[in-house]
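All remarks here apply to the structure that follows.
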Amino acid sequence: MSNNISRKVIKVAKGFDTQDGAGVSLQRVIGGPIKKLDPFLMLDAFKSDNPDDYIEGFPDHPHRGQQTLTYMIEGAMEHQDNKGNKGLLLPGMVQVMNAGRGIIHSEIPQQRDGMMFGFQFWLNLSSVDKMSEPWYKDIASSDIEEVIIAGEKKVRVIAGHYEGIEGVVKNLRVKPIFLDVKLEPNTKFSVDIPDFDHNSFVYVFEGDGTFGANQINVEDRHIGVLENVDNNSLGLDEPIPNKLDAISGDKGVRFLFLSAKPLREPVVQYGPFVMNTQQEIQKAFLDYQLGRF
C-alpha cells in the first residue's frame with residue numbers, strides 16, 4: 001500500500017575534489033562519498049571560471065558497458081568520437097552517449113576563459129545491453145520542456161514525467177526521472193516517485209533547501225540520498241512513501257532530482273569499462289588494444 005507521503009533523506013554528503021581527463025578539476029559525488037547508487041555509477045560536477053581548471057578537457061578515451069549523460073549549465077564543450085559523431089554542447093543542452101560495446105571519444109572545451117559549469121552522469125547498462133551498438137545524441141536546450149509557475153518555481157523536465165510532461169530524453173535504458181528544479185525563496189515542491197524500489201537523490205547546486213519527510217537541510221554542492229525498499233526505517237504497518245517533498249531556503253534553491261529502478265546486477269568496473277565479470281573487463285582491455293572499439 002502507498003500513501004501521499006514523502007520519502008526521507010537518509011544521507012547527505014559533499015563530493016570530493018579531484019581531477020580527471022587532462023587535469024580537469026571536478027567534484028566527484030557518486031563514485032566518491034556515495035560509492036554505489038544502482039543504476040547510477042557516477043556523478044561528476046564541474047564548475048570553474050579559471051581556465052587552468054578545464055582548458056585541456058578530456059582527450060580521446062574509451063568507454064564500454066554504460067551510458068553517459070552530460071548536462072551543461074554554462075560554457076561550451078565539443079564532443080567527437082570514432083564513430084563519426086561530432087557535437088557542440090552549449091548552455092542548457094543535454095548530450096547522451098551509449099557506449100555499449102565500445103566507443104572512443106573526446107570532450108574538449110570550446111572557450112579560452114569564462115565559466116565552465118555542468119554535470120556528467122554514468123548510468124549502468126544491463127547485461128543484455130552492454131554490447132549494444134554505440135550511438136550519440138545532442139539535445140537542444142529549446143527541446144527541453146519546462147513547467148513554470150510565475151514567482152515560485154521552474155522545473156526543466158529532462159527525462160521521465162512531471163505534471164503531465166514527458167522529458168525529451170527517452171532512450172536511456174534505465175528510464176530515469178531527471179528534473180532540474182529552481183525554486184524561489186520559501187517555496188514548496190513535490191514530485192511523485194513511482195516505485196519504492198527506485199534509488200533517488202537530489203543534488204543541490206544553488207542555495208539550499210529542506211528535503212524529505214524528515215526535513216533534512218541540503219546545501220549547495222551536496223547530495224541528499226533518499227530511502228528506498230532496501231534502506232529505510234519503516235515499521236511493518238507504516239504506509240510506503242511515494243513522493244519527495246521539498247521547500248527552498250531563504251535564498252531559494254536549485255537542484256537536480258534523479259530517480260531510477262536499480263538493475264541489481266553484479267558490477268565490475270575498471271575506469272571507463274563497466275561490466276558484470278572480471279573476465280569481461282579483461283576482454284574489454286583486449287578489444288580496445290586490438291582496435292575493436
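None of these values were measured; they are calculated from a predicted model.
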With distance as the sole test, does K251 use its side chain to make a donor-acceptor pair with the main-chain N or O of E206 at under 3.5 Å?
no
Mind running side-chain contact (heavy atoms from CB on, under 4.5 Å) on L234 and F196 for me, showing each step along the way?
CA-CA 12 Å; L234 294 179; F196 199 43; 3.8 Å; yes
Can you tell me if Y136 and D81 form a side-chain donor-acceptor pair at under 3.5 Å?
no
Ring pair (Phe, Tyr, Trp, His ring centres under 6.0 Å) with F255: of F211, Y203, F205, F201, only one passes, and it is F211
Counting C-beta onward and ignoring hydrogens, is there a side-chain heavy-atom pair between V181 and K153 closer than 4.5 Å?
no
Is there a side-chain contact between P134 and N82 (heavy atoms, below 4.5 Å)?
no
Do D129 and S132 have side-chain atoms, one donor and one acceptor, less than 3.5 Å apart?
no
How far apart are the C-alpha atoms of F285 and F273, what are their side-chain angles, what is the distance that settles it, and do they pass the ring-ring contact (aromatic ring centres under 6.0 Å, His included) test?
CA-CA 8 Å; F285 273 104; F273 302 148; 5.0 Å; yes
Do the side chains of F189 and I149 get nearer than 4.5 Å, heavy atoms only?
no
Between D38 and N124, is any side-chain donor less than 3.5 angstrom from a side-chain acceptor?
no
Would D220 and K47 count as a salt bridge (charged side-chain N to carboxylate O under 4.0 Å, His left out) if you check the C-alpha gap in whole Å, the side-chain angles of each, and the deciding distance to 0.1 Å?
CA-CA 12 Å; D220 184 25; K47 182 180 183 180; 5.4 Å; no
Does D44 form a salt bridge (charged side-chain N to carboxylate O under 4.0 Å, His left out) with R28? I'd like the steps, not just the answer.
CA-CA 5 Å; D44 282 349; R28 183 146 293 161; 2.7 Å; yes
Residue from F121, Y162, F257 passing ring pair (Phe, Tyr, Trp, His ring centres under 6.0 Å) with F178
F121
What I'd like to find out is whether the side chain of I30 reaches to under 4.5 Å of the side chain of L41, using heavy atoms alone.
no
Verify, without hydrogens or angle tests, whether E280 (side chain) and N276 (backbone) share a donor-acceptor contact under 3.5 angstrom.
yes
With side chains defined as the heavy atoms from C-beta onward, is the minimum distance between F58 and Q120 less than 4.5 Å?
no
Take the angle between the ring planes of H105 and H79 and call it parallel below 30°, perpendicular above 60°, tilted in between.
tilted
Quick one: are R64 and D287 in side-chain contact, heavy atoms under 4.5 Å?
yes
Minimal non-hydrogen separation, V157 against V147, with atom names:
CG2-CG2, 4.4 Å
Looking only at atom types and distance, does a side-chain atom of Q111 sit under 3.5 Å from a main-chain N or O of A76, one as donor and one as acceptor?
yes
